[in-house]
Amino acid sequence: MKMSHMFGHTLRQAPADAETASHQWLVRAGFIRQLGAGIYSLLPLGYRAIDKIENIMRDEMDAIGGQELLMPVVHPAEIWKESGRWYKIGTELSRFHDKNERDMVLALTHEEVVADLTRKEVQSYKQLPMLVYHIQTKWRDDPRPRAGLIRVREFTMKDSYSLDADAAGLDKQYRAHYQAYFNIFHRAGIPVIAVQADVGMMGGTFAHEYMYLTAVGEDTLLLCDECGYKANRQIARFRKPKADKAEAAELEKVETPNVATIEALANFLNIEKAQTAKAVFLMGKFAEGDEVSEKLIFAVLRGDMDLNETKLGNAVGANELRAAHEDEIKAVGAVPGYASPIGIQDVLVVVDDLIPESANLVAGANEAGYHLRNVNYGRDYEAQIVADIASAEDGYLCPDCGSPMHASRGVEVGNIFKLGTDFSVPQGATFLDENGKEQPVVMGSYGIGSGRLLACIAEEHHDEGGLVWPISVAPYHVHLVALRGGEDKADALYADLRAKGVEVLYDERDESPGVKFNDADLIGLPIRVTVSKRSLDEGGVEMKLRNAEERTIVNWDDAVAEVLAAKQRLEAELQAAVVEVPYDGE
RNA sequence: CGGGGUGUGGCGCAGUCUGGCAGCGCACCGCGUUUGGGACGCGGGGGUCGGCGGUUCAAAUCCGCCCACCCCGACCA
């Protein structure tokens, strides 16, 4: 490609609203342009990089038996009603009507369509296992897009779906993905870890998320260096402190004027936060078929711990949770700031599993200005649900080995889910087994967002001068710079390199050397070749790798061979990072 | 949805407080000089100042409503 006619140009300054490195560099280098909040165009450079990424995905999917197909972005709502997600998912799912007023949706993922195809195409156990995948646009009306391509509303995802006759088959395909995903990320030049994760709106039984660790990330992970436990905070377990097994003392009402927070309460009474009980009110949304209802949830934790909403949502089976309004709290007879589980009616009470172990806590009295001492679970009140609903924090103890864990931020670049029969049963995707008995297909679902991956690669590989692409995903292999006196030779080299299958971005513009070199650094192609009067006087062309400082002059006659050798070395370096990763899961 | 912020040429910004010719740098076009790390001179093109309404002799500037985008939180693969 000749740069003089390339669509998209570099910018000397990043737009003011780009804050993260990947966002700034991808815009400045001419890879992406924003159209709206969370909506981006890929310019030719960006699209070429995405294409490389997607071909790596294809390669690894094909290697584990994947068959590529393509499913629509616009779906009739029926299948989403069948799966129930029409009712369970909120504003993230965009709905609209066609001209006949039929309900339609924009695909936020494709489980429903796969289940529909499966019930049409799969009849016999003899056809299984199978694996299908596609690379297709998704639309998720995320409440808060941010950080360039890291979190967007419209994006492209490679999603694959495994179809099996039983759980053992699913496990096998799940493990195949587990490794194939590491291969994809390693080939694309980015380090990731796999953590255990919540299944969220996907449903199913078990999931891993692939996390690229970076401060820019918005997921918090709990990691144990000692035994290797790794989990998203949404579901991270931890070893809770041993509580004192004291005798239950007599309930005692104490005056606590203007003491409405745990902090203030502990200070006022001069006790540890761990000796208090914290009340958190949330409204949960529940879907039963097409009936959606809201219910107030009263969560009780020890005062030194924070609520984990994902854990609570899973414990009560709610689709959505939101903070309760003050009038909703008062409506059940509770007093905000002085709320107590004692004497509350018609509320779903959930207590953290540490609460029954903890004797003589201080809790609210359901009366403004008063708390109760020596509140004991079982004696003074009971809950419908006792579960782990506390959030793991940095320094909390590993559930497996008891060592302190540390918290780290990460971006989720991929995920794998064991769906089981969550879609095949409601949608009737069944097959006949060896005994002629009808069975639901056992499904798995596996996704990687290609744009987010591109952004993470940019986040990982840049310096003060711009992007530094791994050769596997670089839009071109070579950045060929022609300077004064080298134009004709550069033209010839451009043709020779392309004839050997080398992808070349050729800067033949009438620009000063400084501009050309800076643009080359900004765009970040792995191999830079400069042809100038100076280089020719020195015997040939100058070669420089983007990720190294040294420049070497190679003989004109060896130029093509040297470029090919450099390309192979860079490819081999990346390939060396593709290693087997021990499976860490159930 | 709550809090904060920003909207002036392709990008970065000044001008708004205190109403009075719409500016600067970069980018772009032409001519000339320059040519190995974001050159220089001269000349030029491009903006209904986010939108609508109001106040005023006069609005980028004051008032009202709306919209868009960004950040934090809520929320969420």
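Chain identifiers are assigned alphabetically (A, B, ...) following the order of the sequence lines, protein sequences preceding nucleic acid strands; residue numbering begins at 1 within each chain. Given the structure is predicted, the values throughout are model-derived calculations rather than measurements.
- Here A:Gln34 lies in heavy-atom contact (under 4.0 Å) with sugar-phosphate atoms only.
- In the set B:C71, B:C76, B:G36, the nucleotide with an atom closest to the side chain of A:Glu92 is B:C76.
- Residue-level contact check: A:Arg33 touches neither bases nor backbone, having no heavy atom under 4.0 Å from any strand.
- The residue A:Glu209 sits apart from the nucleic acid: no heavy atom pair falls under 4.0 Å.
- Ranking B:C70, B:G38, B:C11 by closeness to the A:Leu11 side chain, first place goes to B:C11.
- Nearest to the side chain of A:Asp17, among B:G73, B:G36, B:C70, sits B:C70.
- OP1 or OP2 of B:A39 sits under 4.0 Å from a side-chain N or O of A:Ser512.
- For B:G25 and B:A39, the C1' atoms lie 16 Å apart once the distance is rounded to whole Å.
- B:U6 and B:U61 have their P atoms separated by 16 Å, with the value rounded to a whole Å.
- Side-chain proximity of A:Phe517 to B:G37, B:G38, B:C11: nearest is B:G37.
- A sub-4.0 Å separation between OP1 or OP2 of B:G36 and a side-chain N or O of A:Arg551 is absent.
- When both pairing distances are held under 3.5 Å, B:A14 makes no Watson-Crick or G-U pair with any nucleotide shown.
- Within the nucleic acid shown, A:Thr91 has no heavy atom closer than 4.0 Å to any nucleic acid atom.
- You'll find that the side chain of A:Glu19 is closest to B:C70, out of B:G37, B:C70, B:A39.
- Looking at heavy-atom distances under 4.0 Å, A:Ala18 makes no contact with the nucleic acid at all.
- The distance from atom CG of A:Leu522 to atom C1' of B:G38 is 10 Å, rounded to the nearest whole Å.
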Hey, mind stepping through A:Tyr212 and A:Glu460 against side-chain hydrogen bond (donor to acceptor under 3.5 Å, both in side chains) and telling me if it holds?
CA-CA 9 Å; A:Tyr212 165 61; A:Glu460 176 74 8; 2.6 Å; yes
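- Side-chain atoms of A:Ile527 and A:Leu545, non-hydrogen and from C-beta on, do get closer than 4.5 Å to each other.
- Below the 3.5 angstrom threshold, one finds a donor paired with an acceptor across the side chain of A:Arg528 and the base of B:G37.
- The interatomic distance linking A:Arg153 (CZ) with B:C76 (P) rounds to 18 Å, in whole Å.
- Of the P atoms belonging to B:G12 and B:G53, the separation is 29 Å, rounded to the nearest Å.
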Write down the protein N/O and nucleotide N/O pairs, taken from nucleotides 23-31 of chain B, whose separation is under 3.5 Å; answer none if there are no such pairs.
unit_1: B:G25; atom_1: N2; unit_2: A:Gln13; atom_2: OE1; d: 3.3
unit_1: B:A27; atom_1: OP1; unit_2: A:Arg12; atom_2: NH2; d: 3.0

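- The aromatic rings of A:Tyr181 and A:Tyr210 are tilted relative to each other, their planes meeting at an angle between 30° and 60°.
- Between the P atoms of B:C26 and B:G41, the separation comes to 9 Å (whole Å).
- In this structure, A:Tyr178 has its ring center at least 6.0 angstrom away from the ring center of A:Tyr174.
- Rounded to a whole Å, the CZ atom of A:Arg509 is 16 Å from the P atom of B:G36.
- At the heavy-atom level, A:Ala207 lies nowhere under 4.0 Å from the strands shown.
- Contact annotation: the side chain of A:Val192 never approaches that of A:Met211 to less than 4.5 Å [non-hydrogen atoms, C-beta and beyond].
- Figure legend. B:G43 is base-paired to B:C29; pairs are counted as Watson-Crick or G-U wobble with both atom distances under 3.5 Å.
- Within the shown strands, B:G73 is the pairing partner of B:C1 under the Watson-Crick or G-U definition, both distances less than 3.5 Å.
- For the pair A:Pro513 and A:Pro15, both in contact range of RNA chain B, the more 5′-proximal nearest nucleotide belongs to A:Pro15.
- Distance check, rounded to the nearest 0.5 Å: OG1 of A:Thr156 to CD of A:Gln136 gives 7.5 Å.
- Straight-line distance from the CG atom of A:Leu307 to the P atom of B:G73: 17 Å, rounded to whole Å.
- The NE2-P distance, from A:His23 to B:C70, rounds to 8 Å in whole Å.
- Classification of the A:Tyr446-A:His177 ring pair by plane angle, with boundaries at 30° and 60°, yields parallel.
- A:Pro143 comes within 4.0 angstrom of a nucleotide base, judged by non-hydrogen atoms across all strands.
- For the P atoms, the distance from B:C42 to B:G9 is 26 Å, rounded to whole Å.
- Here B:C11 presents its P atom at 18 Å from CG of A:Asp519, a figure rounded to the nearest Å.
- Distance, A:Asp142 CG to B:C72 C1': 15 Å, rounded to whole Å.
- Between B:G44 and B:G5, the two C1' atoms lie 37 Å apart (nearest whole Å).
- Other residues, nucleotides and ligands contribute more than 12 heavy atoms inside 6.0 Å of the CG atom of A:Asp463.
- Remark: A:Arg151 engages A:Asp142 in a salt bridge, criterion side-chain N to carboxylate O under 4.0 Å.
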Using the rule given for side-chain contact (heavy atoms from CB on, under 4.5 Å), can you reason through A:Phe96 versus A:Val74, listing the C-alpha separation, both sets of side-chain angles and the distance that settles it, and then say yes or no?
CA-CA 10 Å; A:Phe96 66 101; A:Val74 173; 3.7 Å; yes
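- In this structure, B:U61 forms no base pair with any nucleotide, since neither Watson-Crick nor G-U wobble geometry is met with both distances under 3.5 Å.
- For B:G37, there is no paired base (Watson-Crick or G-U wobble, both distances below 3.5 Å).
- The residue among A:Glu218 and A:Ala14 whose nearest nucleotide of RNA chain B is located toward the 5' end is A:Ala14.
- By the 30° and 60° cut-offs, the orientation of the rings of A:His208 relative to A:Tyr583 is perpendicular.
- Here A:Gln234 does not reach the OP1 or OP2 of B:C76: none of its side-chain N or O atoms lies under 4.0 Å away.
- Distance check on atom P: B:C62 versus B:G20 gives 10 Å, rounded to whole Å.
- For A:Arg28 against B:G38, a side-chain N or O and a base N or O form a donor-acceptor pair under 3.5 Å.
- Separation of the P atoms belonging to B:C24 and B:U18 is 27 Å when rounded to the nearest angstrom.
- When rounded to the nearest whole Å, the span between CZ of A:Arg146 and P of B:G4 equals 21 Å.
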